[in-house]
Student: 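Right, I'll just put the structure down here and ask away after.
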Amino acid sequence: MAVLKIASVTWHSKLNKTAHHTSDYSSTEVILRRGQAFSITLNFQPTVQCGDNFTFIASTGPSPAESLQTKAIFNLSEENASGWSATQEPSEPGCMNITIFSPATAVIGRYKLKLQILSANKVSSTLLGQFVLLFNPWCPNDDVYMANEKERQEYVLNDSGIIFQGLEKHIQEEAWNYGQFEENILDISLAILDRSLNHHEDPAADVSNRNSPVYVSRVISATVNSNDEKGVVEGKWNGKYSSGTNPLQWSGSVTILQKWYRGRYKPVRYGQCWVFAGVMCTVLRCLGIPTRVITNFNSAHDSNINLSIDKYIDTSGKTLHLTEDSVWNFHVWNESWFTRRDLGSFYDGWQVLDATPQERSKGIYRCGPASTRAIKEGDVNLDYDSSFVFAAVNADYVTWIHYSNKRKKRIYSDTRKIGKFISTKAVGTNSRVDVTANYKYPEGSLKERKVYKKALKLIDVRSIGKRTKITRPRRQSSAARRQPAQKPSISGKLILDASPVIGQDILLTLALRNLISDFKTIKVKLRASAIFYTRRPKAEILQLSRSIKLGSEEVKQISFKIPYSQYKNSLMDDRKILVTTVCETKQGAPLLVEKDIVLQDPFLTIKVLGPAVVHKGVGVEVTFINPLSEVVTDCVLRAEGSGLLKEQLRIKVARMAPMESSTVQFEIIPYKSGTKQLQVDFVCRCFSDIKGFVMLDVAPAQ
């Protein structure tokens with residue numbers, strides 16, 4: 001009797017990809033989701049005889065083993081204890097249609113599928129092929145299951161989005177190309193897991209743990225930054241970026257991930273918080289974990305986890321670096337959706353993850369996953385890093401004047417400043433959704449203060465990992481400083497006389513009011529500094545002093561001007577200026593008035609010159625207005641968009657005359673249908689990060 005052999009294997013890649021929602025991946029591989037059946041067809045020679053026995057072996061990782069759940073052995077028509085199974089469907093003679101089912105708890109990654117055949121008392125083994133298994137938000141038994149189809153489309157399948165930046169009173173939207181389905185991105189995402197410290201220390205155990213989104217997301221959080229291993233992005237928040245790319249010039253994750261991969265895992269220079277969050281969103285969506293990008297305005301970096309941010313200034317308003325605490329204008333992180341078997345079902349849902357390397361978590365620069373429910377309820381003793389995230393949205397903000405004789409005076413205390421307008425992109429549109437209520441109860445409410453006190457108590461009585469650096473005297477001091485500060489007898493407000501535009505003078509008015517009946521002489525010291533979005537000063541722009549007399553309950557307005565000639569060489573790429581005014585009287589507490597200013601972007605418009613159709617060229621016209629009264633040279637226009645351009649497009653623009661517009665035309669050839677996002681930015685010597693985007697509805701090929 002002839003030994004049964006496999007003549008060919010048909011993987012039905014297109015059919016399986018459609019059923020598993022993986023058709024968008026730019027890969028010829030079979031890409032599947034766990035907890036869901038897939039089909040293959042085996043063609044035999046000669047035909048199958050009664051008594052032939054078939055055993056399938058699915059394995060992943062460097063040392064697959066059944067005990068580690070990285071190897072499953074299962075017979076035809078019998079479900080294995082691991083949850084893998086294979087059944088025969090109606091078939092034509094000479095072939096077998098097989099349906100294979102993977103459990104919803106299977107390890108994700110690249111698998112080999114083998115078939116052992118016992119025929120005519122002889123055993124043969126054949127490699128049927130490889131497939132990639134991902135998390136499955138469509139499967140009710142998967143930890144990442146998301147019931148709402150519109151949310152699955154947004155948080156798993158949408159390959160572009162909006163990241164909010166700016167100030168709490170001047171929120172800006174920046175387009176980002178996630179591109180999780182683009183060429184090599186799946187391979188790169190799996191390579192990121194393989195480059196982690198966990199994998200380096202124990203590859204078999206690491207792969208075994210990849211059935212858990214808690215584990216996988218925490219590993220990605222550590223490996224997207226380069227601080228502890230050859231991670232993807234190297235962070236930099238000051239100085240020059242000549243040895244890499246200015247973080248403001250990135251428009252998406254694809255270029256970054258491909259550069260890291262092609263450069264043999266050399267960290268890509270440079271990133272800041274939105275870059276880390278954008279890249280992590282790409283990787284997690286690619287692996288099948290529903291993920292979104294979150295922006296927290298007035299975000300606290302509480303380095304010693306005492307829920308109090310201390311800011312020190314001198315008598316002129318200059319920021320003094322006497323503490324590691326800081327408040328960023330905004331900070332960007334991620335949320336991923338999955339259950340928390342380690343914490344209990346109450347903490348299921350959105351989990352905070354942050355790849356920006358700020359503080360170590362159990363020895364490694366990473367953050368999360370921290371349940372948003374835990375943060376809202378003040379359960380800061382729960383894994384992972386919930387105390388750090390709680391402080392980011394809830395810490396009290398205390399400002400001190402530090403005098404030359406080392407004496408200090410608390411002049412400002414605010415329980416409501418931190419954690420404002422926590423924002424994310426809406427499902428199905430580019431509008432902003434405020435999710436602050438997911439993180440905390442209404443500011444100033446009894447419930448909010450109760451949760452704050454609960455968190456403070458938990459922090460005081462427990463040592464939370466290696467992040468906690470707090471000591472008993474420091475805690476007592478922190479509690480004491482939450483007593484009300486002495487109130488000034490004057491009030492003040494800084495007002496912009498007109499919208500600030502780059503290239504023009506900035507006009508400000510300080511409105512002062514005497515709150516009591518006594519006559520006052522007020523010494524006003526104003527300081528303007530170019531700052532990073534972390535509110536760290538980069539360069540001093542202007543210092544002014546005035547003496548103002550105020551009669552009984554009198555109101556006066558004092559005008560100030562910051563000339564373009566004084567700020568043009570100091571302004572940072574993100575065009576942020578901090579104006580600080582210290583007002584002192586002989587009696588009573590000093591008054592601090594601050595104003596964050598963001599200069600408006602120069603004007604950029606994008607027009608698509610016709611209908612967009614797959615595999616058909618369509619023209620794009622970009623018009624940019626030079627806002628300066630000087631010639632601008634050496635500009636570069638860059639464009640990218642998943643499904644529209646396979647690589648970033650770069651066009652040099654030789655010169656732009658003062659206060660005049662420049663128009664550039666180019667062609668795109670869409671290669672995927674659906675709603676797509678085209679992003680364009682100008683990079684010049686005088687300004688960076690001048691961006692715009694347009695949405696295109698791309699029709700299928702005719």
Side-chain angles (χ1 to χ4, degrees), residues 11-13 16-17 19-22 25 27 29-40 55-87 98-115 127-146 152 156 186-187 189-190 192-194 196 198-199 202-220 283-290 336-342:
W11 275 88
H12 305 295
S13 180
N16 286 322
K17 279 187 172 183
H20 287 248
H21 308 278
T22 59
Y25 287 88
S27 172
E29 279 193 287
V30 179
I31 303 169
L32 308 167
R33 298 192 187 275
R34 66 184 191 176
Q36 188 172 337
F38 63 94
S39 302
I40 62 172
T55 301
F56 292 89
I57 303 171
S59 61
T60 185
S63 305
E66 288 182 275
S67 60
L68 296 174
Q69 293 184 296
T70 52
K71 184 178 183 180
I73 302 172
F74 49 101
N75 294 323
L76 189 62
S77 302
E78 289 183 12
E79 182 176 343
N80 184 273
S82 66
W84 289 81
S85 66
T87 56
I98 307 292
T99 296
I100 296 175
F101 183 84
S102 66
T105 56
V107 167
I108 62 115
R110 184 170 279 108
Y111 278 77
K112 292 180 180 178
L113 184 65
K114 293 182 180 179
L115 177 62
L127 177 64
L128 301 180
Q130 291 191 152
F131 62 91
V132 177
L133 198 64
L134 304 176
F135 291 104
N136 192 352
W138 285 264
C139 175
N141 294 323
D142 197 309
D143 283 353
V144 303
Y145 174 64
M146 183 169 260
R152 291 192 294 248
V156 183
L186 179 57
D187 289 340
S189 298
L190 295 172
I192 289 172
L193 290 172
D194 289 344
S196 71
N198 300 50
H199 193 76
D202 191 338
D206 168 61
V207 174
S208 176
N209 285 321
R210 293 182 189 175
N211 64 334
S212 165
V214 175
Y215 179 84
V216 169
S217 64
R218 187 157 167 80
V219 168
I220 296 296
V283 174
L284 293 175
R285 285 187 185 181
C286 185
L287 297 176
I289 300 177
S336 290
W337 179 272
F338 45 81
T339 61
R340 292 303 298 265
R341 296 176 184 270
D342 55 330

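Keep in mind that what you see is a predicted model, and the values were worked out from it rather than measured.
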Student: So does R33 get a backbone contact from the side chain of H20, meaning a donor-acceptor N/O pair under 3.5 Å?
Tutor: yes

Student: Determine whether a donor-acceptor pair (N or O, by modelled atom type, separation under 3.5 Å) exists between the side chain of N16 and the backbone of S39.
Tutor: yes

Student: Please name the pair of heavy atoms, one in T22 and one in I31, separated by the smallest distance, quoted to 0.1 Å.
Tutor: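 Shortest heavy-atom separation between T22 and I31 comes out as OG1-O, 2.7 Å.
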
Student: Kindly indicate whether the side chain of M146, heavy atoms from C-beta on, has any atom under 4.5 Å from the side chain of P290.
Tutor: yes

Student: Once you round to the nearest 0.5 Å, how far does OG1 of T105 lie from CG of N141?
Tutor: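 Going from the OG1 atom of T105 to the CG atom of N141 covers 9.0 Å.
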
Student: Say you draw a straight line from CG of L113 to CG of L128; how long is it, rounded to the nearest 0.5 Å?
Tutor: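 L113 CG to L128 CG: 4.5 Å, rounded to 0.5 Å.
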
Student: Side chains of V132 and Y25: does their closest heavy-atom pair fall under 4.5 Å?
Tutor: no

Student: Look only at the side chain of S212 and the backbone of N209, and say whether a donor-acceptor pair between them is shorter than 3.5 Å.
Tutor: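 No, the answer is negative, given that no donor and acceptor are paired below the 3.5 Å cut-off.
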
Student: Any chance you could lay out the side chain to side chain contact (heavy atoms under 4.5 Å, CB included) test for I98 and T87, step after step, and finish with the verdict?
Tutor: CA-CA 6 Å; I98 307 292; T87 56; over 6 Å; no

Student: Do you know the tightest heavy-atom contact between F135 and G288?
Tutor: CB-O, 3.6 Å

Student: How about Y145 and P140: do any of their side-chain heavy atoms sit closer than 4.5 Å?
Tutor: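 A side-chain contact exists here, since the closest heavy-atom pair is under 4.5 Å.
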
Student: Please check: side-chain N/O of S63 versus main-chain N/O of A204, any donor-acceptor pairing under 3.5 Å?
Tutor: no

Student: What residues, two or more places apart in sequence or in another chain, satisfy ring-ring contact (aromatic ring centres under 6.0 Å, His included) together with F101?
Tutor: none

Student: Roughly how far, to the nearest 0.5 Å, is CZ of R218 from OG of S196?
Tutor: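 That separation rounds to 12.5 Å.
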
Student: Mind running side chain to side chain contact (heavy atoms under 4.5 Å, CB included) on L193 and I220 for me, showing each step along the way?
Tutor: CA-CA 7 Å; L193 290 172; I220 296 296; 3.7 Å; yes

Student: Of all heavy-atom pairs between T60 and G109, which one has the smallest distance, and what is that distance?
Tutor: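 Looks like OG1-C, 4.3 Å.
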
Student: Do we see a donor-acceptor contact under 3.5 Å between the side chains of D206 and Y215?
Tutor: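 There is such a pair (donor and acceptor under 3.5 Å, judged by atom type) between the side chains of D206 and Y215.
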
Student: Any side-chain heavy atom of Y111 sitting closer than 4.5 Å to one from L32?
Tutor: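 No - every pair of side-chain heavy atoms lies 4.5 Å or more apart.
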
Student: Working to the nearest 0.5 Å, report the span between SG of C286 and CD1 of I192.
Tutor: 9.0 Å

Student: Is it true that R110 and D187 make a salt bridge, defined as a side-chain N closer than 4.0 Å to a carboxylate O?
Tutor: yes

Student: Please confirm whether the backbone N or O of A205 pairs with a side-chain atom of D202, one donor and one acceptor, at under 3.5 Å?
Tutor: yes

Student: Excluding sequence neighbours, so at least two apart, what forms side chain to side chain donor-acceptor pair (under 3.5 Å) with R285?
Tutor: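 Expected list: none.
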
Student: Does some side-chain heavy atom of W337 sit less than 4.5 Å from a side-chain heavy atom of V144?
Tutor: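 A side-chain contact is absent here, since even the closest heavy-atom pair is not under 4.5 Å.
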
Student: Is the backbone of L68 close enough, under 3.5 Å, to the side chain of S208 for a donor and an acceptor to pair up by distance?
Tutor: yes

Student: Atom CD1 of I73 and atom OG1 of T55: how far apart are they, to the nearest 0.5 Å?
Tutor: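 If I round to the nearest 0.5 Å, the distance is 8.5 Å.
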
Student: For the backbone of R341 and the side chain of T339, can you confirm whether one donor and one acceptor N or O come within less than 3.5 Å of each other?
Tutor: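 It does not hold such a pair.
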
Student: May I ask you to decide whether D194 forms a salt bridge with R210, counting only side-chain N to carboxylate O separations under 4.0 Å?
Tutor: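 Salt bridge present between D194 and R210.
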
Student: Ignoring hydrogens and geometry, is there a side-chain-to-backbone donor-acceptor pair from R34 to S102 under 3.5 Å?
Tutor: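 Pair absent, no side-chain N/O of R34 close to backbone of S102.
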
Student: On a heavy-atom basis, which atom in V207 and which in G61 lie closest, and how many Å separate them?
Tutor: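 Of all heavy-atom pairs spanning V207 and G61, the closest is CG1-CA, 4.0 Å.
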
Student: Side chain to side chain contact (heavy atoms under 4.5 Å, CB included) between S217 and F338: does it pass, once the steps are laid out?
Tutor: CA-CA 10 Å; S217 64; F338 45 81; 3.6 Å; yes

Student: Considering all heavy atoms of both residues, which atom of Q130 and which atom of V30 are nearest to each other, and what is their separation?
Tutor: O-CB, 4.1 Å

Student: To the nearest 0.5 Å, how far apart are CD1 in I57 and CG in L115?
Tutor: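 So the CD1 of I57 and the CG of L115 are separated by 8.5 Å.
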
Student: I'd like to know if the side chain of S336 reaches the main chain of I289, judged simply by a donor and an acceptor atom lying under 3.5 Å from each other, with no hydrogens or angles considered.
Tutor: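 No.
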
Student: According to the interplanar angle, ranging from 0 to 90°, do the rings of F38 and W11 count as parallel (below 30°), tilted (30 to 60°) or perpendicular (above 60°)?
Tutor: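 Ring orientation of F38 relative to W11: parallel.
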
Student: Using a cut-off of 6.0 Å, state whether more than 12 heavy atoms not belonging to K17 lie near its atom NZ.
Tutor: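 Yes, the 6.0 Å shell around NZ holds more than 12 heavy atoms from other groups.
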
Student: Between N136 and L134, does a side chain to side chain contact (heavy atoms under 4.5 Å, CB included) hold up when you go through it step by step?
Tutor: CA-CA 6 Å; N136 192 352; L134 304 176; over 6 Å; no

